[in-house]
S.K.: 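Sharing a structure, written as structure tokens. Questions coming.
For reference, positions follow the sequence shown, starting with 1. Note that the coordinates shown come from a computational prediction; the quantities given were computed from them, not determined experimentally.
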Amino acid sequence: MDILRRAGISAKKEAPVNFLTDPSEGRSTLRPADVLVFGWEGGKHACVDLTGVSPLARFRENGFVAGQAVLKAESKKVEKHAKACEDNQHAFVPLAFDTFGSLAREAVRFLSRVQRVVHSNFSTPQGRGLFLVD
């Protein structure tokens, strides 16, 4: 949140969006987005879901493959929340990382875009702009 705020990106932590649910609990449990980024993609707000995993979890069952746990976590989050976000005119960003520092593809894409916004906002002659760069 600090990075987004310093970059001039409007966002809210634990934002109630009223359409994310835990499938095991049914439609009665409304869950907030970990981070809601306003106007992120084509004017749509983005629900960012932060997920940290250990690459050593279930190590005995499957053996160790670098980056596998974080990709599996990302895939599960997309399966769980992407359609609900899309149905409600929101983008979904699974920001999955592991305890060894690996990032899933969408996390890299999201953070690269934040980096471009920071660079754009702080390298302009005016100093600090408040716009997003696609």
Side-chain angles (χ1 to χ4, degrees):
M1 282 302 297
D2 287 339
I3 293 168
L4 296 176
R5 196 170 299 124
R6 289 178 184 171
I9 298 172
S10 183
K12 182 176 182 177
K13 186 167 67 169
E14 295 293 323
V17 291
N18 299 327
F19 54 79
L20 294 178
T21 64
D22 183 336
S24 67
E25 297 175 20
R27 295 297 287 171
S28 61
T29 304
L30 299 175
R31 298 173 52 109
D34 291 334
V35 177
L36 185 64
V37 181
F38 300 101
W40 183 247
E41 228 173 73
K44 292 181 181 180
H45 304 327
C47 297
V48 179
D49 189 302
L50 302 167
T51 304
V53 295
S54 169
L56 299 179
R58 301 183 186 186
F59 181 61
R60 289 184 180 161
E61 295 172 18
N62 302 322
F64 179 79
V65 177
Q68 184 177 29
V70 75
L71 294 177
K72 187 173 182 177
E74 178 184 62
S75 177
K76 283 184 176 184
K77 289 296 182 167
V78 168
E79 184 179 309
K80 187 174 178 180
H81 296 303
K83 183 168 176 11
C85 289
E86 183 180 314
D87 290 349
N88 287 278
Q89 303 301 310
H90 284 66
F92 179 69
V93 178
L95 203 152
F97 57 93
D98 73 24
T99 55
F100 288 178
S102 294
L103 296 170
R105 287 177 286 256
E106 287 300 312
V108 171
R109 187 174 151 268
F110 178 81
L111 294 172
S112 293
R113 183 164 174 205
V114 169
Q115 181 184 33
R116 288 191 310 271
V117 171
V118 169
H119 177 74
S120 176
N121 288 349
F122 289 97
S123 65
T124 62
Q126 305 90 305
R128 187 171 189 208
L130 296 176
F131 56 89
L132 295 178
V133 176
D134 275 325

S.K.: Do Val78 and Phe92 have side-chain heavy atoms sitting under 4.5 Å apart?
M.R.: yes
S.K.: Please give me the minimum heavy-atom distance between Val117 and Ala7, naming the atom from each residue.
M.R.: CG1-O, 3.8 Å
S.K.: Measuring only between side-chain heavy atoms, which start at C-beta, is Cys47 closer than 4.5 Å to Val93?
M.R.: no
S.K.: Going from NZ on Lys12 to CG on Asp34, what distance comes out if it is rounded to the nearest 0.5 angstrom?
M.R.: 14.0 Å
S.K.: Between Asp49 and Pro94, is there a donor-acceptor pair closer than 3.5 Å when you use the side chain of the first and the backbone of the second?
M.R.: no
S.K.: In Å, rounded to the nearest 0.5 Å, how long is the span from CD of Glu86 to CZ of Phe19?
M.R.: 11.5 Å
S.K.: Quick one: CG on Asn88 to NZ on Lys83, what's the gap to the nearest 0.5 Å?
M.R.: 9.5 Å
S.K.: Let me confirm one number: the CD-CE distance from Glu14 to Met1, rounded to the nearest 0.5 Å.
M.R.: 10.5 Å
S.K.: List in chain and number order the residues that pass ring-ring contact (aromatic ring centres under 6.0 Å, His included) with Phe97, two or more places apart in sequence or in another chain; answer none if no residue qualifies.
M.R.: none
S.K.: Does a side-chain heavy-atom distance below 4.5 Å link Thr51 with Leu95?
M.R.: no
S.K.: Are Leu71 and Val48 joined in one hydrophobic group, where the rule is that I, L, V, M, F, W and Y side chains link up if heavy atoms are under 4.5 Å apart?
M.R.: no
S.K.: Taking C-beta and beyond as the side chain, do Val37 and Leu4 meet within less than 4.5 Å on heavy atoms?
M.R.: yes
S.K.: A side-chain contact here means heavy atoms from C-beta on lying under 4.5 Å apart; do Leu56 and Phe100 qualify?
M.R.: yes
S.K.: Kindly determine whether Glu41 and Arg109 satisfy salt bridge (charged side-chain N to carboxylate O under 4.0 Å, His left out), including the steps that lead there.
M.R.: CA-CA 12 Å; Glu41 228 173 73; Arg109 187 174 151 268; 3.2 Å; yes
S.K.: Look at the rings of His90 and His45 and say which category their plane angle falls in: under 30° parallel, 30 to 60° tilted, over 60° perpendicular.
M.R.: perpendicular
S.K.: Please find the pair of heavy atoms, one from Thr99 and one from Ser54, that lie closest to each other, and give the distance.
M.R.: OG1-CA, 3.7 Å
S.K.: Is the shortest heavy-atom distance from the side chain of Glu74 to the side chain of Lys77 under 4.5 Å?
M.R.: no
S.K.: Just do the side chain to side chain contact (heavy atoms under 4.5 Å, CB included) check on Val114 and Ile3 with the steps written out, would you?
M.R.: CA-CA 8 Å; Val114 169; Ile3 293 168; 3.8 Å; yes
S.K.: Kindly write out the residues that satisfy side chain to side chain donor-acceptor pair (under 3.5 Å) with Arg105, not counting sequence neighbours, or none if the list is empty.
M.R.: none
S.K.: Taking all non-hydrogen atoms of both residues into account, name the closest pair between Val70 and Asp98 and its distance.
M.R.: CG2-N, 3.9 Å
S.K.: CG of Leu111: more than 12 outside heavy atoms within 6.0 angstrom?
M.R.: yes
S.K.: Checking the side chain of Gln89 only, and the main-chain atoms of Lys44 only, is there a donor and an acceptor separated by less than 3.5 Å?
M.R.: no
S.K.: Under 3.5 Å, is there a donor-acceptor pair between the side chain of Ser112 and the main chain of Val108?
M.R.: yes
